[in-house]
Amino acid sequence: MSLKVYNSLSRQKEVFEPITAPYVGMYVCGPTVSGESHLGHARPYITFDVLYRYLGHLGYKVRYVRNITDAGHFEEEGREAEDKISQKAVLEKLEPMELVQKYTNLFHWAMARLNNIPPSIEPTATGHIVEQIEMIKKLIADGYAYEVNGSVYFDVEKYNTDFSKQGLPYGMLSGRVLDDQLDTTRELDNQEEKRNRSDFALWKKAPPEHIMRWQSPWGEGFPGWHIECSAMSSKYLGEVFDIHGGGMDLQFPHHECEIAQSTVCNHKTPVKYWLHNNMITINGRKMGKSYNNVIKLSEMFDGTHPLLEQAYHPMTIRFFILQSHYRGTLDFSNEALQASEKALRRLWEAYEWLMKQTPAAKNAVDPVLDSKVQKLVAGFDEFMNDDLNTAKVLANMFELVAIINSVKDKHIPANAIGESSFLQLQQQFKVYIENIFGLTGERQADDGKLDGVLQLLIDIRKEAKARKDFMTSDKIRNELGTLGIQLKDEKDGGVSYSIQ
RNA sequence: GGUCAUGUGGCCGAGUGGUGAGGCACAGGUCUGCAAAACCUUAUACGGCGGUUCGACCCCGUCCAUGACCUCCA
């Protein structure tokens, strides 16, 4: 049984075979740190974090590279010759790098709360100006780029003509035909600098007011939109690497341009498997700056957004995303998030209980149930291998949760399940929930004082109940409930609690 | 306009040519001093219309609807 992933390039699921096993190179388009990350951004980083974890689980040695785009790009080509970052910097009276630092820090904070493992290398665009210039020089030398007035453009027409012969036409990833594109590109200012409308900027001359600028063979300027990813991915992962991930909205033109640049420089297509996650929608519409419908991650975490009925724990968001397949759209709503919150709690509580148990019998008393458990557990790997179907893995987990809770409540005798199945269940739950899905307990670890206080209240309530003083016992239960602490009377007479 | 997706029950969301994944909500039940939690059970479904097939939610055609990309965008 081997891992299969959907390759956007071939438009089908393919068996994943690293170029140089056991090493795997994975590049994921990172954030542009000119603003705060929103819910939509969480999806690729969680999706590819799970892939990263899973590849590690399978024994691969993965180098995970995710860039930080801190050299600004145009708001809109030609319309306003100002860098996103510099423009906002003026508004906020900040140094560009101060702004970049601020949003980079915020990004890292959000990633940590979502329990995403930091990438192996997190290169910045500003830290790789030299590499980008070198790459542009090579593109010019090879005849696929040209300079006009201090700016450099990529000659898409020539590229397409030459490389189509090798079966590498421009548009191969997104399924576009260049000839169809020409008519549909909008009329823009500054177009006269380009030979063709589909050409894209590699280097842009910096107008006087532009704060971020670097020396180059073509004068002072800053890198174009797509070159950083090509320069940095080839630097750290080689000319051809295994996986390139990112959001579907980057497929065209960003990833298409990356392919073109790298193909010219290295004479081969740079990526073996292109993986794209779909969008998070809100009322059926993509969450994005242009639609003015974004909910920032910090707002999600503390509930401060008009659309939010409450705060959502980062783990709820992670779980919410894992409940769908990464290639489908996922629609946000309070109802959906609240469902995820409850589901995650149920899963986690069953998991915590499970991990405290030991096998009750060497051989299963109920072979039918025992084999059902085995089958459900075996499904974890099977579904993950099928293009990371985390939704199906979770479905199996919930079927197991029902069994686990039944054992807990003694509806099912503990010895129904044999030792090997039981240990397998425990191990795989742990591996999947914690190591692969990266879920953590919602309850923040404290120094035990809160637990001590609660145990005291639980004892007092127990005593009250024993003497049928339900006024007192209910008061404790209800007041704690108001505080968001729920007491649960267990079948065995014990009492547990969960904190909302 | 071009290209490509999607349309599943109250909500979110998997999936397969042959008695309805899963989660949340809802209803009934068990348990409980009463609740909650947990467990059990039931219910509601595959955009419309054709076609292929013994049989289609799953294949084909068509229509409708929605969305994404074509411009910075996860």
Side-chain angles (χ1 to χ4, degrees), chain A residues 11 28-32 34-35 37-48 72-79 84 171 174-177 179-181 183-186 188 198 225 245-254 276-281 284-291 294 319-320 323-325 327-347 349-350 379 383 389-399 401-412 465 468 470 473-474 477-478 481 486-491 495-498:
Chain A
R11 290 154 198 276
V28 174
C29 289
T32 300
S34 62
S37 297
H38 60 72
L39 178 62
H41 294 116
R43 198 173 197 194
Y45 305 133
I46 289 172
T47 298
F48 292 108
H73 293 176
F74 287 125
E75 200 69 60
E76 200 157 51
E77 186 200 0
R79 183 170 285 183
K84 246 192 209 173
S174 54
R176 278 158 219 274
V177 178
D179 294 341
D180 297 343
Q181 294 300 307
D183 294 339
T184 58
T185 305
R186 233 174 22 176
L188 297 164
S198 51
W225 315 310
M248 271 182 185
D249 50 354
L250 294 180
Q251 212 173 44
F252 189 92
H254 182 59
H276 291 98
N277 62 275
N278 214 318
M279 302 293 103
I280 287 183
T281 57
R285 181 138 232 186
K286 173 186 168 184
M287 189 178 282
K289 284 170 223 157
S290 356
Y291 297 122
V294 302
F319 181 86
F320 172 64
Q323 264 188 310
S324 68
H325 185 86
R327 281 192 289 111
T329 53
L330 172 59
D331 201 47
F332 163 87
S333 67
N334 281 284
E335 213 178 350
L337 262 294
Q338 282 157 9
S340 290
E341 183 180 87
K342 287 183 185 174
L344 174 58
R345 182 169 298 138
R346 191 157 83 91
L347 173 66
E349 284 173 4
F383 297 143
N389 200 328
T390 54
K392 286 197 89 172
V393 174
L394 284 172
N396 271 25
M397 281 186 182
F398 277 101
E399 292 205 45
V401 164
I403 294 170
I404 291 165
N405 284 334
S406 290
V407 173
K408 181 182 175 188
D409 286 356
K410 303 199 171 19
H411 297 308
I412 294 174
K465 279 175 73 175
K468 304 229 188 290
F470 298 121
S473 66
D474 286 354
R477 183 179 70 197
N478 297 337
Q486 184 184 43
L487 296 185
K488 296 172 186 178
D489 294 326
E490 306 290 347
K491 292 281 179 216
V495 178
S496 66
Y497 61 88
S498 68

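No experiment lies behind these values; they were computed from the predicted model shown. Quick note on labels: first sequence line is chain A, next is B, and so on, each numbered from 1.
Taking 4.0 angstrom as the limit, R345(A) places none of its side-chain polar atoms (N or O) nearer than this to OP1 or OP2 of C24(B). Remark: H411(A) is not in phosphate contact with C39(B), judged by side-chain N or O atoms under 4.0 Å from OP1 or OP2. Between R346(A) and C39(B), a side-chain N or O to OP1/OP2 separation shorter than 4.0 Å is present. Look at K410(A) and you won't find any side-chain N or O under 4.0 angstrom from OP1 or OP2 of C39(B). At the phosphate of A38(B), neither OP1 nor OP2 sits under 4.0 Å from any side-chain N or O atom of K488(A).
The distance between atom NZ of K408(A) and atom P of C39(B), rounded to the nearest whole Å, is 9 Å. E335(A) places its CD atom 13 Å from the P atom of C24(B), with the value rounded to the nearest Å. Here A25(B) presents its P atom at 15 Å from CG of N334(A), a figure rounded to the nearest Å. Per the geometry, CG belonging to D489(A) stands 12 Å off C1' belonging to A38(B), to the nearest Å. Here A37(B) presents its C1' atom at 16 Å from CD of E341(A), a figure rounded to the nearest Å. Put simply, NE2 on H41(A) is 4 Å from P on A74(B), counting in whole angstrom units. Atom CG in N278(A) sits roughly 11 Å away from atom P in A68(B) (whole-Å rounding). The distance from atom NZ of K286(A) to atom P of A5(B) is 18 Å, rounded to the nearest whole Å.
Both thresholds, 5.5 Å between centres and 30° between ring planes, are met by F470(A) relative to the base of G33(B), so the two rings are stacked.
Among the protein residues, Q486(A) comes within range of the sugar-phosphate backbone only, with heavy atoms under 4.0 Å from sugar or phosphate atoms but none that close to a base. Counting non-hydrogen atoms under 4.0 angstrom, N405(A) reaches the backbone sugars and phosphates but no base. Among the protein residues, D331(A) comes within range of the sugar-phosphate backbone only, with heavy atoms under 4.0 Å from sugar or phosphate atoms but none that close to a base. If you check every strand for non-hydrogen atoms under 4.0 Å, E399(A) touches sugar and phosphate atoms only. Using a 4.0 Å heavy-atom criterion, one finds that A402(A) contacts the sugar-phosphate atoms exclusively. Among the atoms of the strands shown, none is found under 4.0 Å from any heavy atom of S496(A). Residue contacts for M279(A): at a heavy-atom cut-off of 4.0 Å it reaches a base atom on one of the strands shown. Counting any heavy atom pair closer than 4.0 Å across all strands shown, G284(A) reaches sugar-phosphate atoms only and no base atom. Using a 4.0 Å heavy-atom criterion, one finds that F332(A) contacts no nucleic acid atom at all. Looking at heavy-atom distances under 4.0 Å, K465(A) makes contact with a base. Residue-level contact check: S324(A) touches the backbone only, with heavy atoms under 4.0 Å from sugar-phosphate atoms and none from bases. The residue N389(A) sits close only to the backbone: its heavy atoms come under 4.0 Å of sugar-phosphate atoms, none of a base. Base contact: M287(A) has a heavy atom under 4.0 Å from a base atom. Residue Y291(A) is classed as a sugar-phosphate contact, given heavy-atom separations below 4.0 Å to backbone atoms only.
With hydrogens and angles ignored, no donor-acceptor pair under 3.5 angstrom links the side chain of S406(A) to the base of C40(B). One N or O donor and one acceptor, one from the side chain of R477(A) and one from the base of C34(B), sit under 3.5 Å apart.
As rounded to the nearest Å, C31(B) and A38(B) have C1' atoms that lie 9 Å from one another. Here the separation of C46(B) from G9(B), taken at their C1' atoms, is 8 Å to the nearest Å. Across A56(B) and A5(B), the matching P atoms stand 26 Å from one another, rounded to whole Å. The same atom, C1', is picked in U16(B) and in C72(B); the two are 40 Å apart, to the nearest Å. Rounded to whole Å, the separation between the P atoms of C59(B) and G7(B) comes to 11 Å. Rounded to the nearest Å, the gap between the C1' atom of C12(B) and that of U6(B) is 16 Å. Between A43(B) and C4(B), the two C1' atoms lie 38 Å apart (nearest whole Å). For A65(B) and U53(B), the C1' atoms lie 29 Å apart once the distance is rounded to whole Å.
Between G284(A) and D331(A), the shortest heavy-atom distance links the atoms N-OD1, 3.0 Å. The nearest pair of heavy atoms linking S496(A) to E490(A) is OG-OE2, 2.5 Å. The nearest pair of heavy atoms linking K465(A) to F470(A) is O-CE2, 4.2 Å. When all heavy atoms of Q323(A) and A391(A) are compared, the pair lying nearest together is O-CB, 3.2 Å. Minimum heavy-atom separation, N278(A) to G328(A): CB-O, 3.2 Å. Minimum heavy-atom separation, M287(A) to L39(A): SD-CB, 3.7 Å.
Closest contact between the side chain of D474(A) and the listed nucleotides G33(B), A74(B), A35(B) involves G33(B). Side chain of K392(A), nearest nucleotide from A14(B), C4(B), C39(B): A14(B). For F320(A), the side-chain atoms get nearest to C12(B) when compared with the rest of A74(B), C12(B), G15(B). Of the candidate nucleotides C39(B), A68(B), A74(B), A74(B) has the atom lying nearest to any side-chain atom of Y45(A). Of the candidate nucleotides C69(B), C24(B), A74(B), C69(B) has the atom nearest to the side chain of F252(A). Residue K289(A) has its side chain nearest to A74(B) when only A74(B), G22(B), C24(B) are considered.
Two residues, C29(A) and T281(A), neighbour RNA chain B, and the one matched to the more 5' nucleotide by heavy-atom proximity is T281(A). Mapping S174(A) and I280(A) onto RNA chain B via the closest heavy atom, the residue that lands nearer the 5' end is S174(A).
To the nearest 0.5 Å, the span separating CZ on F48(A) from CG on N277(A) amounts to 5.0 Å. The structure places OG of S324(A) at 4.0 Å from CG of L330(A), a figure rounded to the nearest 0.5 Å. From T390(A), atom OG1 reaches atom CE of M397(A) across 10.0 Å, with rounding to the nearest 0.5 Å.
Across all strands shown, A38(B) pairs with U30(B); the Watson-Crick or G-U wobble distances both stay below 3.5 Å. A 3.5 Å limit on both hydrogen-bonding distances identifies no Watson-Crick or G-U partner for G9(B). Pair assignment for U62(B) gives G48(B), based on Watson-Crick or G-U wobble hydrogen-bonding distances that are each under 3.5 Å. A 3.5 Å limit on both hydrogen-bonding distances identifies no Watson-Crick or G-U partner for A21(B). The pairing partner recorded for U3(B) is A68(B), the criterion being a Watson-Crick or G-U wobble arrangement whose two distances lie under 3.5 angstrom.
Checked against D249(A) for a salt bridge (Lys or Arg N to Asp or Glu O under 4.0 Å), the options K289(A), K286(A), R43(A) give a single hit: K286(A).
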